Each structure stands twice: as structure tokens, then as C-alpha cells.
*Asks:* 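I'd like to ask some things about the structure below.
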Amino acid sequence: MPDTARSHSGAPEPVALSSVPLDLPARFDEVIEDLHVVRLPMVTRFRGITEREVALLSGPAGWAEFSPFVEYGTEEASRWLRASLEFSGLIPQSTTLAEAAPSTVPVRSSAPAADANGVTVAVNGTLPACPPDEVEPILSRYGRVGTVKAKVAEHGFASLDEDLARLREFRRLFPDTTLRLDANAGFTPTEAIEACEAFADFDLQYFEQPVPEVEQLADLREELARRGLPIVIAADESIRKAEDPLRVAELGAAEVIIVKVQPLGGIGAALDVISASGLPAVVSSALESSVGLAAGAELAARLPHTDRSRDILGDRVACGLGTGRLFTADIVAEGEALTPVDGAIPVTRIVPDPDRLQQLAVDPGRFEWWAGRLQNCWSALRV
Ligand SMILES: [Mg+2]
């Protein structure tokens, strides 16, 4: 038996797609004509790194990104490869529950908006930990945004007073902007309760991963209910593979899940688990180049827009795909990068600029490391 959990609704057990062997040739270089590995410099240290290595490959459907973090092992990274092979059209998209049984998913078409620039999806602006007087200059760089995600707990519980001062300034400046918080698992359960008491005044859309463990999230939600604190909890770090959203739903650990295309094994697999979990989803990036962000935007445009999702997240769900701003260089010219303009990015395919690929290319040693990693992941996906 595959090690998947049953969904809370008793729905058919979804297949752990990444564990289904694929009928692939033995060598990935037989099908992938063009492999590039680039190193993208970052504006500031993020997730402990200042440069992000990213592999890019192309297939019949276009370019795709393969960028599991370097410390990830083959099994985990092979899910990311599956997503890349699917997005590039080198393997067919997995059939999704959403498509196979449309009656189980009440779908509205109002999520993506179309304008003169084509279909776009909304993205949130991000407010890092900063002194109150930097709130306005930082957010003014984003232009018009309807939703802002503020990082809290960046320095643990010790920074709660600073977090509150920043949030008060934010609310003074932007009383009508939708506000989310993200603690990146930075609180202990006791700290999280106290922080939630204080954060409840700020009219939050949701609070992302206040505590590290999924069981702690579930306990926190119970305690919030007991205290009558109406804070919606979202799970992000708790969701790293296809089985995780089901576990979050089963334990009642969150009301919203943050999903990323590559870790879940592709757009089709992501749609599957979102629908199986029954939870509203917000698409986020895995710190990707514009090629990877394009896959995220496509998933965001295809999310089931359920009544529950509309209640919590509104008609136009802002996704966390504005991370292109974290890099000082991308694989396309500045005007063509998937960076947000007035709170939205287009749903489109990205073709890397050959000069950029060359300028940003890693040294031969790193290229070999990535080629070997790709081969290992490829082998793991094979029959
Ligand atoms: Mg997060």
C-alpha cells in the first residue's frame, strides 16, 4: 500500500503521484536537448542563501524549472523533476480529480482576471521585519497592491513588540489593504497564543504557520476557538509533499493551505491534492526564476474557486508569486521578468534569454553536479 493518508471526507485515496513509476528512457539526456544551470544573485539573504541555483530545461510545451534546494535528497527532488517534466511537456499532465470528477469541485471562473495584458493573477506584497518608518517606502515599491503579507516572529518572540509597532504603522497607512501574517514557524505554542491575542486587532485574512508542527497547528486552532479569537490559520512549511495537505485537513490543523507546484509534483498533482483536501489554497513560489513562477501562475489561475475559498480569501485570491523581486538578476530581460505590476503577474510562458543564460551560468563543476542530480531523480521516477 502507498503511504498516503485517507482524506477526512472519506473520498477515494488519492494516488501519491510522485511514487507512480513513469515509462521513461534510461538517460534523461536522450530526451532533454537543452539543460542550463544558472545562479541567481539575491537582493538579501533569504532562507539562509544569497544565491539561488536553478536548472532549466525545455520540452514540447516550453521551458520549465527544476530547482529543488541543494540540500534535498533524490526522493524529494524527484517530485520537483516530475513537475518540471510535466510543465515542459516531456511527460503528459497527470489526470486530476478536478477534471475527472468536476461535480465534486464547485468551480467559479472569477479567480483570474483578464485585461488588456491577458489573464493575470493577483500577488501579495511582502513586508519584511523592518522599523515602522520603513513600512511606507518598502510597500510603495510594490505600487497598488490589494494584499500584503507581513513577516512576524523573524527574531522569535522577543520581537513581538517590534512586530506590533510595524503592524500598527501598516494599519495607519493602509486601513483597507488585506493583511496576512507569516511567522515561518517562528513561535512556540505558548508564544503563538500570546501573539494571536495581540494580532487579533489587525483584521487578518490569515496567519501563516505560527508554529512548526502540524499537531501544534491543530492544538493552536482549538485554543483560538476556546478563547473566541477568530484568526484563520494557514499551513505552509507543513506542506512539502502531496500527502501533507490531506494530513493538515484530517487533523484540522489549518483552514488554508499554501501550495507550491514543484514540491507537490506538478500542476496536475497539486490540483488533485487541493481538491482532495477540500481546503482553500494559496499558490506560492519556491524561490524560483520567472520560468518556475510561470508554472505557479498557471496553477493559481486554475485553482478551484469554492464558496469556502471565497469566504476566506475573496474573489481574487492573491498568491505569493511576487518573489521575482528577491533576485537582482533573472533569466529574462527586466521588462519580461514575472515581477508584479500593480499587484498582479501575467499567466504566460517564459522563454529564457540566451545571453542571460550564459551570463548567469554556473561553473562546470556545479553543472555536472546538477546533471548528476537530474539523472538520479530521473532514475527514481522510472519504472
Ligand atoms: Mg510562509
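Quick caveat: nothing in here was measured; it's all calculated off a predicted structure. Each ligand, and each atom within it, is numbered from 1 in the order the structure gives.
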*Asks:* Pick from R180, Q205, K149: which one makes a side chain to side chain donor-acceptor pair (under 3.5 Å) with N124?
*Replies:*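 The passing option is R180.
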*Asks:* Answer yes when D236 and K260 have at least one side-chain N-carboxylate O distance shorter than 4.0 Å, and no when they do not.
*Replies:*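 Yes, charged N to carboxylate O under 4.0 Å.
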*Asks:* Among the N, O or S atoms of D236, which one sits nearest to the Mg ion (ligand 1)?
*Replies:*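 It is OD2 of D236.
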*Asks:* Salt bridge check: are E169 and R172 linked by an N-O gap of less than 4.0 Å?
*Replies:*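 Salt bridge present between E169 and R172.
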*Asks:* Within rounding of 10°, what is the angle whose vertex is the Mg ion (ligand 1) and whose arms end at OD2 of D182 and OE2 of E208?
*Replies:*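 If I round to 10°, I get 90°.
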*Asks:* Under 2.8 Å from the Mg ion (ligand 1), is there an N/O/S atom belonging to E237?
*Replies:*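 Checking E237: none of its N, O or S atoms is under 2.8 Å.
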*Asks:* Are W63 and F87 an aromatic pair by the rule of ring centers under 6.0 Å?
*Replies:*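 Aromatic pair excluded; centres sit 6.0 Å or further apart.
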